[in-house]
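To start, the structure under review is shown below, and the notes come after it.
In this chain, residues are counted from 1 in sequence order.
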Amino acid sequence: MLKDRVKALFEEPGCAHNAAKSEAARKAGCSKPLTPGAAAGGCAFDGAKIALQPITDAAHLVHGPLACEGNSWDNRGSASSGSDLWRRSFTTDLTELDIVAGHSEKKLYRAIREIAQRFEPAAIFVYATCVTALIGDDIDAVCRHAAERYGVPVVPVHGAGFVGSKNFGNKLAGQALLDHVIGTVEPDDVGPTDLVILGEFNLAGEFWQVKPLLDRLGIRVRACVPGDARYADIAAAHTARATLVVCSTALVGLARRMRERWDIPYIEGSFYGVLDTSETLRQIARLLVARGAPADLVTRTEALVTAEEARAAARLAPYRTRLAGKRVLLNTGGVKSWSVVSALMEIGMEVVGTATKKSTPEDKQRIAILMRDDPHMFESMAPRDLYRMLADGEADIMLSGGRTQFIALKAKTPWLDINQERIHPYAGYDGMVELVRQIDLALHNPVWAQVRTPAPWDADGRLIEEVASLPATGAPSPLPVTDLSSPLPTGERSRAQHAGEGKPTSARADPHHPAPSAPTSPRQEEVTESVAGVAPASLLAEIAPTQPDDSFAARHRKKFAATRVDASDPDYLARHRKKFAASGADDMGEC
C-alpha cells in the first residue's frame, strides 16, 4: 500500500525535465528518497505537516510519540486571518505500553473524538509517523469510522518519516488532498476567473501582498494551498479555471493530477521581484482569458502592471545608488534560488553564489539564464567554506535561513533571513521594496564597523591605552603631583589601579607607551621614578596610605592563596580581567 503510493509519486512527469525522459528513467523521479534516518533538512512527516498545517480551521493530529509533534505554535512564519486552531499541538502521545499492548488505534480514535467534541473543527488531519507505520496501524479505517460517527471529515496522511525527504512529504500531502479533500464540496458561486494557487505558504503574510493585486483585476482566489486556507475552499478547488504553482517542487504533482482529473491547466510563476511579479500576473490573465474570462482582462492587467512598476521604481530609486555593486551570497533553495536572484539583479546587486538545494532542473536552468555565463550555483556548501568565503570579503551580505546565520555573524558579515522564519513579507511589488529596505538596513548598520574594530587589549589581555607624555622642556609638568594612593589622571594610572588595586605598580617597557619626559624638580623626579617602579623605600614609606588595604585582592587573598598564581602580584587582576568581568565587585576600577 504505502510502497505502491510512494512508487506512483516518484513517477512524476509534471516537470518538463522528467517528461523528457524515457518511461523507464522516469520512474526514478526528480528527487530520490534519502537514506532512512539521514538528517537532511527534515523527514517526509515534517514535509507533509508543513504543507497542510497552515489550513487554519482544521485540527492537525500527530499519531505517534510525543517527540514527533514538537511545538507547532509559531513553528513557521505562516500567517492566518482566521482561526488559530491550526497552531495548536495535538498528538496521541504513544508510549511503549500502548505499542506493546496494541492500544494505539484505540487511542487514536479517542483523540479524534475529543478533538471533534471540544473544538468542532472543519476537518481533522491525522498524520502517520515512523512508529505507527512500522507497527501497521490502519489509520484509514480509524479515520473513516470516526468521520462517520462524529460527522467531521477526518483525513489520513501517510507521511511516515522513513519514506523520504521533506520535499517528498510535500508530495504525500498533496496526494492526501487529492484523495480525500478536493472535489468533496460543490460551490454555488463558480466564476470564470477562479484561480487556485499551490505552494504558497503565506510566510510573514506574503500572500496578502499579492491578493489585493488579483482583487483589483477581478480574479478570485478560490483556494490558496496551504497559506491561510480554509478546508471548504480547498474542497471546492476542482471548480477553478486555472492553477498557479508557486513552489514547483512541493505541489507540482497535485497540479498535474488536477489537470488530468478536472481539466484545470496550470502555470508556474513567482511573486519575488518586480519583473517576475509582472510576468506572473500577465501569464495568469492570458490563461484565464483562454479559459473563458473577459477579453479585457489582459488589457487591465497590463495597465495595472505599468502603474505598479512605476510606483515601485520610484520607491526603489533611493536604494539603487546605495546597493549597486554590492555582492550577495544566496544560501537558500527551491523557487527562491532563482526568483530572488532576479529580484536582486533588478537593483544592481551582484550575486556571487546561490544554492540550489531542493531546486528542480528547471530552477537551475533559470539561474543559468539569469546569470548568463557565470551562474555560481552550488548544491550545498560546508560551513567552513561559507565562513572562509564571508571572512575573506567575497560577499558583502548573506541571505539565508536561520541555520547558517551564526556563520555570517562569526565572520562579521551582515545577514538577512530569507527563509520561513522571516518576519517581513518579500512578495509582490511592496514586498520587493521591503526586501531592498531590509538589505540596506543590514548592510549599513553601524554595528559592523564596531565589531570589525580591533579589540582594545593585547595578546596578554592587557588594555591597549595611550599614556600621556610629559613635555621635554623645563616647564613644569601639566599633570598634578598627588599622593600615589589616590588615582592618577587618565594615562598615568597603573594597570593595577585600573584593575582596582588602588596601589602603584611597576610599569613595563612598552614602545607604544613612551615614558614621561625628565621632570623639572627632585620631587617630580622621585614621583616619576616611583611610577616607573624604582622609588626608594623611604619615599614609599613617606607617601604610603595610612588606612588599611581594602582592595579586591586584599579582601580575597585567601581565595587566591591556593592558586598557582602569586596572589600578591598586583597585575593579577589585570591579566585575568575576563575572569572577573562578570563579578559584582564594586572596586574593579575601569577594567
Side-chain angles (χ1 to χ4, degrees), residues 1-12 27 29 31-40 42-53 58-70 72 89-116 121 123-150 152-181 253-254 257:
M1 297 174 58
L2 181 59
K3 182 178 180 181
D4 295 336
R5 184 180 291 108
V6 170
K7 181 180 178 181
L9 288 176
F10 269 102
E11 297 179 11
E12 177 55 62
K27 296 180 180 180
S31 58
K32 297 182 179 180
L34 301 172
T35 303
C43 62
F45 160 72
D46 188 28
K49 197 164 187 288
I50 286 173
L52 296 176
Q53 187 166 350
H60 302 269
L61 173 61
V62 176
H63 182 41
L66 178 63
C68 290
E69 169 54 28
S72 60
S89 299
F90 297 104
T91 177
T92 53
D93 187 17
L94 296 184
T95 63
E96 293 88 344
L97 183 60
D98 296 323
I99 296 171
V100 173
H103 295 163
S104 57
E105 290 182 350
K106 296 179 181 179
K107 199 170 186 179
L108 173 60
Y109 183 83
R110 290 195 298 268
I112 296 174
R113 178 183 62 192
E114 182 177 356
I115 293 173
I124 301 174
F125 287 89
V126 177
Y127 300 85
T129 58
C130 293
V131 173
T132 53
L134 288 172
I135 64 178
D137 277 2
D138 190 356
I139 67 172
D140 292 273
V142 176
C143 292
R144 184 170 55 252
H145 181 71
E148 296 173 355
R149 176 68 176 82
Y150 301 107
V152 59
V154 184
V155 181
V157 182
H158 295 276
F162 58 77
V163 173
S165 65
K166 180 170 66 175
N167 179 255
F168 189 70
N170 299 151
K171 295 178 172 64
L172 291 170
Q175 186 64 38
L177 292 177
L178 189 72
D179 294 341
H180 303 281
V181 181
L254 176 60
R257 289 177 174 83

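Residues H158 and Q175 are not in side-chain contact: their nearest non-hydrogen atoms beyond the backbone lie 4.5 Å or more apart. Between V157 and L172, every side-chain heavy-atom pair lies at or beyond the 4.5 Å cut-off. Side-chain contact between Y127 and L52 is present, with at least one heavy-atom pair separated by less than 4.5 Å. Taking the side chain as every heavy atom from C-beta outward, V181 and V155 approach each other to under 4.5 Å. By the 4.5 Å heavy-atom criterion applied to side chains, R110 and T92 are not counted as neighbours. Counting only heavy atoms from C-beta outward, the side chains of L61 and L108 approach each other to under 4.5 Å. H180 places a side-chain heavy atom less than 4.5 Å from the side chain of P156.
Nearest heavy atoms, A51 versus A173: CB-CB, 3.7 Å. Between P121 and I124, the shortest heavy-atom distance links the atoms CG-CG1, 3.7 Å. The shortest non-hydrogen separation linking T91 to P65 is OG1-O, 4.0 Å. V152 and A116 make their closest contact through CG1-CB, 4.1 Å (heavy atoms, listed as atom of the first residue, atom of the second, distance). Residues A59 and F90 approach most closely at CB-CE1, 4.1 Å, considering heavy atoms. Nearest heavy-atom pair, K107 versus D93, reported as atom, atom and distance to 0.1 Å: NZ-O, 3.0 Å.
K49 contributes no side-chain N or O that, together with a main-chain N or O of G169, makes up a donor-acceptor pair within less than 3.5 Å. In terms of modelled atom types and a separation under 3.5 Å, the side chain of T132 and the main chain of H63 share a donor-acceptor contact. When atom types are taken as modelled, the side chain of R113 and the backbone of Y109 share no donor-acceptor pair closer than 3.5 angstrom. Judged by distance alone, with hydrogens and angles left aside, the side-chain atoms of K166 form no donor-acceptor pair with the main-chain N or O of D46 at under 3.5 Å. Judged purely by atom type and a 3.5 angstrom limit, Q53 has no side-chain atom pairing as donor or acceptor with the backbone of H60. Under the 3.5 Å distance criterion, the side-chain polar atoms of N170 are matched with a main-chain donor or acceptor of G47.
For the atom pair OG (S104) and CD1 (I99), the distance works out to 7.0 Å, reported to the nearest 0.5 Å. Between the CG atom in D179 and the CZ atom in R257 there is a gap of 8.5 Å [rounded to 0.5 Å].
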